[in-house]
Protein chains: 2
Amino acid sequence: MSKYQNEEEVILNYNSNKYITPDGYTSDIAIFTITNVEEEINNYKKKKALKIMLIQRAELDAEGEPNIEGGKWALPGGFVQPNETAYEAAKRELSEETGVSGVHLKHFGVYDKPGRDRRGWIISNAHYAIVPEFHLEKRIAADDAAEVELFTIDEAFNLDLAFDHRAIITEAINNIKRDMLQTNVAKEFLSSVFTVSELQQVLLAVYYHKSIESDNFFKKIKNLPFIERVSNKDIKTQRNSKRPATLYRFIEEEDNEIASKYF
Amino acid sequence: MSKYQNEEEVILNYNSNKYITPDGYTSDIAIFTITNVEEEINNYKKKKALKIMLIQRAELDAEGEPNIEGGKWALPGGFVQPNETAYEAAKRELSEETGVSGVHLKHFGVYDKPGRDRRGWIISNAHYAIVPEFHLEKRIAADDAAEVELFTIDEAFNLDLAFDHRAIITEAINNIKRDMLQTNVAKEFLSSVFTVSELQQVLLAVYYHKSIESDNFFKKIKNLPFIERVSNKDIKTQRNSKRPATLYRFIEEEDNEIASKYF
DNA sequence: CTAATAGTGTCTATAAGACACTATATA
DNA sequence: TATATAGTGTCTTATAGACACTATTAG
């Protein structure tokens, strides 16, 4: 009556062809950095700006055939291997693309709308990563420069973007904005010790708000439970001004994700 | 030299077998409801509790063979079809499982760790849904009762759960907690008009906090920009007490997702 | 001295929390 | 009358924001 005696045998005889399966499972990464700029917008001196790294798809693929969405700008990414998660694939691809590991990487969405990729049923896991500018500049210099570039957000949205990457980038920015205000990811854009105005400029680069720009920000910083001034009161820096500035650091917490609601 | 002249031809000849592809793409749903209870925990009278609907996997499958993870309790779900997104599949499955549509449904994670399903490389999209108790009771009564049940969260974690559903349920609860405090999903657990104490009990069922339990909650409610008392001052209800209580409703907003930070 | 960045002091309005109090119904 | 839920008043303390002010350096 029953063909198989137990679960083991059933698994050995399991045939996934009973179901229609996807044609591809991929990970894409919106790689962000913050660069120094000189800009004055109605009395406020903007010193840092958020940028995204995009790659230009080749016109021809490895076999010399016309490439899908060739010539358009796209998020770096690639196919997930069966022995890894989408998150691990993103980590691997980030390392391949920029040579860095150990930086902030976060999954924020799945893009699986039928027809999003003309090659078939291809599912993309979207991640955003925060990489110090230094690493990206090395990467871009190493390349022949034409096909990897850093863009401001405005510039990126004026490009001809591949697939549904416009929507993915929009969501990536929404996520990074929210995380900047509700968690302590801001630290990923800063060196291990930083001045109040450096933190202020990083926040303003991603999310402009009067309360962040105001002088009051200096007082607020002293009351935040996850930021402390470096112990020795004489440790200061003059890298941003003639008057030496106090240095602060983020206190490591178990619960990084819910630092929340502070800025 | 080049086999194909243009992108069209390349797509027509695209062969997904160049890459290893997943063996299955599924959607699972943590279906939550809030039921009335009578319980007293150190001076605070708990009147509502969060519950989750789980199904017990059959011992034998449709062909009479031993079923994978048979006998264990699991989240309802199923395979995504190639003409729909994971979200649409979840909507369809929710409707098949409970007969309801138009309720709150949200994607919150992807589970794709190799080995999570012994049948192969199977990716699950996790969603949570909020369904009024009434519908679930109908569903459970219609079934032969043994294989669909409502559990409190504590009860659920004491069951033998299939696959990685323990981890999925844990994350579902984290997400619903956060959303209850930062958005106005609370309304999904309430009827269209409600009393202050009903809202209070719904919030307490998901996230206990002194400030919610306190009398001050009554004053707070009047200042929330997304809640209003129903227009006619005489419209009251006695369903919870002898003294008639004022009825309130949620004001519909475009930006439901960022009602944020109010409770 | 000036210019530039780094901070502080002070005032006001509002919100959060503790907790005692009053109100309206039924039985 | 007692009891249960509904709701208010008052006080204290903490915080947010506006905005004017002082501090420290280089040149």
Side-chain angles (χ1 to χ4, degrees), chain A residues 36-40 42-48 181 190 193-204 207-230 233-248 260-263, chain B residues 36-40 42-48 181 190 193-204 207-230 233-248 260-263:
Chain A
N36 292 319
V37 294
E38 282 290 339
E39 211 175 323
E40 187 152 342
N42 46 355
N43 263 343
Y44 136 68
K45 286 183 192 168
K46 187 173 183 179
K47 296 194 184 154
K48 291 179 190 288
L181 299 174
L190 293 160
V193 293
F194 52 87
T195 69
V196 172
S197 64
E198 283 165 353
L199 172 57
Q200 193 177 27
Q201 289 294 336
V202 162
L203 292 171
L204 289 171
Y207 184 78
Y208 180 84
H209 194 278
K210 262 192 306 190
S211 72
I212 300 173
E213 201 219 323
S214 152
D215 284 348
N216 293 323
F217 190 76
F218 279 80
K219 279 180 278 182
K220 194 168 191 176
I221 235 59
K222 290 191 291 194
N223 299 321
L224 295 179
F226 54 93
I227 291 178
E228 63 179 9
R229 65 183 296 166
V230 304
K233 296 213 171 190
D234 296 327
I235 299 179
K236 302 208 167 191
T237 180
Q238 281 183 273
R239 63 186 173 226
N240 301 305
S241 76
K242 291 155 186 173
R243 173 171 176 179
T246 308
L247 288 166
Y248 292 83
S260 93
K261 294 188 194 170
Y262 285 107
F263 298 117
Chain B
N36 292 320
V37 294
E38 281 291 339
E39 211 175 324
E40 188 153 342
N42 45 357
N43 262 342
Y44 135 69
K45 289 183 190 167
K46 187 174 181 177
K47 296 195 183 154
K48 291 180 189 286
L181 297 175
L190 293 160
V193 294
F194 53 87
T195 69
V196 173
S197 64
E198 283 164 353
L199 172 58
Q200 193 177 27
Q201 288 294 335
V202 162
L203 293 171
L204 289 171
Y207 184 78
Y208 179 82
H209 194 277
K210 263 191 307 190
S211 71
I212 299 173
E213 202 218 322
S214 152
D215 284 348
N216 293 325
F217 189 76
F218 279 81
K219 279 180 279 182
K220 196 169 190 174
I221 233 58
K222 291 191 291 194
N223 298 320
L224 295 179
F226 55 92
I227 291 177
E228 63 180 9
R229 64 184 296 166
V230 304
K233 296 215 171 190
D234 296 326
I235 299 179
K236 302 208 169 192
T237 181
Q238 281 182 273
R239 65 186 172 224
N240 301 305
S241 76
K242 291 154 187 175
R243 173 170 176 180
T246 308
L247 288 167
Y248 292 83
S260 91
K261 296 188 194 172
Y262 284 108
F263 298 116

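Throughout, a chain's letter reflects where its sequence line sits, starting with A, and its residues are numbered from 1.
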[options]: which one has an atom nearest the side-chain heavy atoms of [X]?
| X | options | answer |
| --- | --- | --- |
| B:Gln238 | D:dT5, C:dT26, D:dA6 | C:dT26 |
| A:Pro244 | D:dG7, D:dT25, D:dT5 | D:dT25 |
| A:Asp215 | C:dA6, C:dG7, D:dT5 | C:dG7 |
| A:Lys242 | C:dA25, C:dT5, D:dT25 | D:dT25 |

Distance (rounded to the nearest 0.5 Å) between B:Leu204 CG and B:Lys48 NZ: 11.5 Å

In this structure, CG of A:Leu224 is separated from CG of A:Leu199 (nearest 0.5 Å) by 8.5 Å

Of A:Val196 and B:Lys210, the one whose closest nucleotide on DNA chain C sits nearer the 5' end is A:Val196

Atom pairs, N/O to N/O, protein against nucleotides 10-15 of chain C, distance under 3.5 Å?
| residue | atom | partner | partner atom | Å |
| --- | --- | --- | --- | --- |
| C:dT10 | O4 | A:Lys219 | NZ | 2.8 |

Would you say C:dA6 has OP1 or OP2 under 4.0 Å from some side-chain N or O of A:Ser197? yes

Look at the side-chain N and O atoms of B:Thr246 and state whether any lies under 4.0 Å from the OP1 or OP2 oxygen of D:dG7. yes

Assign each of A:Arg243 and B:Arg243 the nucleotide of DNA chain D bearing its closest heavy atom; nearer the 5' end lies the nucleotide of B:Arg243

Gap between atoms [atom1] and [atom2], on [X] and [N] respectively (whole Å):
| X | N | atom1 | atom2 | result |
| --- | --- | --- | --- | --- |
| B:Arg229 | D:dA6 | CZ | P | 14 Å |
| B:Lys45 | D:dT5 | NZ | C1' | 9 Å |
| B:Arg239 | C:dT26 | CZ | C1' | 19 Å |
| A:Gln200 | C:dT5 | CD | P | 12 Å |
| A:Leu224 | D:dA16 | CG | C1' | 13 Å |
| B:Phe218 | C:dC19 | CZ | P | 18 Å |
| A:Asn240 | C:dG7 | CG | P | 10 Å |
| B:Lys236 | D:dT5 | NZ | C1' | 12 Å |

For [X], what residues pass the side chain to side chain contact (heavy atoms under 4.5 Å, CB included) criterion, not counting sequence neighbours?
| X | result |
| --- | --- |
| B:Tyr207 | B:Lys177, B:Leu181, B:His209, B:Ile212 |
| A:Glu40 | A:Asn43, A:Lys45 |
| B:Val193 | B:Val230, B:Leu247, B:Arg249 |

Set of residues satisfying ring-ring contact (aromatic ring centres under 6.0 Å, His included) with respect to B:Tyr208, sequence neighbours excluded: B:Tyr44

What residue pairs, at least two apart or across chains, pass salt bridge (Lys or Arg N to Asp or Glu O under 4.0 Å) with a residue in residues 210-219 of chain A? none

